[in-house]
Amino acid sequence: MKKVFALVDCNNFFASCERLFRPELNGKPVVVLSNNDGCIIARSNEAKALGIPMGAPFFKFKPLIVRHNVHVFSSNYGLYGDLSHRVMEVLRQMEADVEVYSIDEAFLSLPVTQVWNRHQYAAELRARVKKQVGIPVSIGIATTKTLAKIANRVAKKEARFQGTFDLVGNSQTDQVLAQTEVNDVWGIGRRSTEKLNRRGIYTAHDLKRADPTWIRKHLTVGGARTVMELNGISCISLEKAPACPKSIITSRSFGHPITDLDNLREAVISYVSIAGGKLREQGVEADTLNLFITTGPFDEQAGYSNNQTITLQRPTSSTPELITAALQCLKSLYRPGYRYRKAGIMLAGITSHGYRQQDLFSFSQPAVKEDKQLMAALDRINNKWGRQTIQYGMTTAEDKPWSMQQTRKSPAYTTNWQELPVAKAAGV
DNA sequence: TCTGGGGTCCTAGGACCC
DNA sequence: TCTGGGGTCCTAGGACCC
């Protein structure tokens, strides 16, 4: 049976999550900040209307924010992740073919039916997510993912469509494309937009009609695919099962610049612990570790960035083994006299436990088995009581210079018993 | 004073081999 | 006077996404 794509996208997701537990903020401007309260990464419609751009440094817009009484939240990924899960569950209840594309988006594959049926179905989907989770979503429907993205933009922007827009067999498709700027097309970023503009291509409709040979040459295969998709030829299919990740990264900017090796070491240990947890959570192991440390791009003083890769003897998901490798890297990377602002580790060469090539000489290594049991116990405890309950090689100092600045974080309403929202009856 | 974090894919160029 | 042609593998960097 012929299928079409629906893109379900949560509106202003992080801002909507924060408002869910603060209903008095509905209709008021809300923004959510990135780690360390650095940038603005989510805005309610009211905040957008004030002209606060996506990704803007917080401090630059602080005067405007104060003036208009915008409500500001540090990011609370525990909360957003949990609500995201709930949204995806509701979608799965209604539709078997769901691809979770990002924390706030999912592609669905729908059978081709009458326009009216599709409209009804989308309305029902929206209503269920709203009722069961409380998050507003928009839905775009089309014959390709790229067109579904565009349909979704229309659904979100034009209130008269009530959160749903369908481009399948829609005679106004070219008109919609002509009203879509080329940099708003999925897969066309800043650099490609510059190239296309120089060639006189400004809208999605221009791009649809562009010369495929030129596109292939200057925008490579990705660009060529985008043009096909705009023409209604589906090149990007629905990926139901999440693939084994190719890399896992944990990196952070420090709350304050660091100059000494001891603090750097603590930060690295803490990031490696997080990354190790991610490996075990997904049931995979890595055999390559890369550590990088860097000074800030905005620092006046001389900068230094460097990274080093270590290939491990065998794939592992054991935090202590990873820490040993990472500290080895750190030792050779560290140079005194710099103000370090960020560090991170990348794990690669990832394989799933089951498919690992057996090492001839490691048939029954009791040490490996013990290590796995230890990691499992550690994960259980930290999952139950919080990530920081048991940690490797940490000092107990309260004010670690590297730890994140988050002064406006909302409670973990849904993932921590201590922080459950409290219901108050009227008049009490 | 204060500018996020986590991913994927593609290509060019170097090293190496026959 | 003159210096092949292919192939593979790896890495760094660019571009894009949310």
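In a base pair of the Watson-Crick type (N1 to N3 plus N6-O4 or O6-N4) or a G-U wobble (N1-O2 and O6-N3), with each distance short of 3.5 Å, C/dT11 is matched with B/dA12.
Residue A/Met228 holds its CE atom at 11.0 Å from OG1 of A/Thr146, rounded to the nearest 0.5 Å.
One atom, CG of A/Leu33, and another, P of B/dT1, lie 19 Å apart when rounded to the nearest Å. Rounding to whole angstrom units, CE of residue A/Met346 and P of B/dT8 are separated by 9 Å. Regarding A/Glu239, its CD atom lies at a distance of 13 Å from the P atom of B/dT8, rounded to whole Å.
Along DNA chain B, the nucleotide closest to A/Gly222 and the one closest to A/Arg341 are compared, and the more 5′ of them pairs with A/Arg341. The residue among A/Pro245 and A/Tyr77 whose nearest nucleotide of DNA chain B lies closer to the 5′ end is A/Tyr77.
Ring-plane geometry between A/Tyr304 and A/Tyr338 is classed as parallel, the angle between the planes falling under 30 degrees on a 0 to 90 degree scale with a further cut at 60.
In this structure, A/Phe298 packs face-to-face on the six-membered ring of B/dT3, meeting both the 5.5 Å centre cutoff and the 30° plane limit.
One finds a side-chain N or O of A/Lys149 lying less than 4.0 angstrom from the OP1 or OP2 phosphate oxygen of C/dC18. Between B/dG6 and A/Ser247, no contact under 4.0 Å exists linking OP1 or OP2 to a side-chain N or O.
For an aromatic pair to be called close, the ring centres must be under 6.0 Å apart, and A/Phe14 with A/Phe73 fails this.
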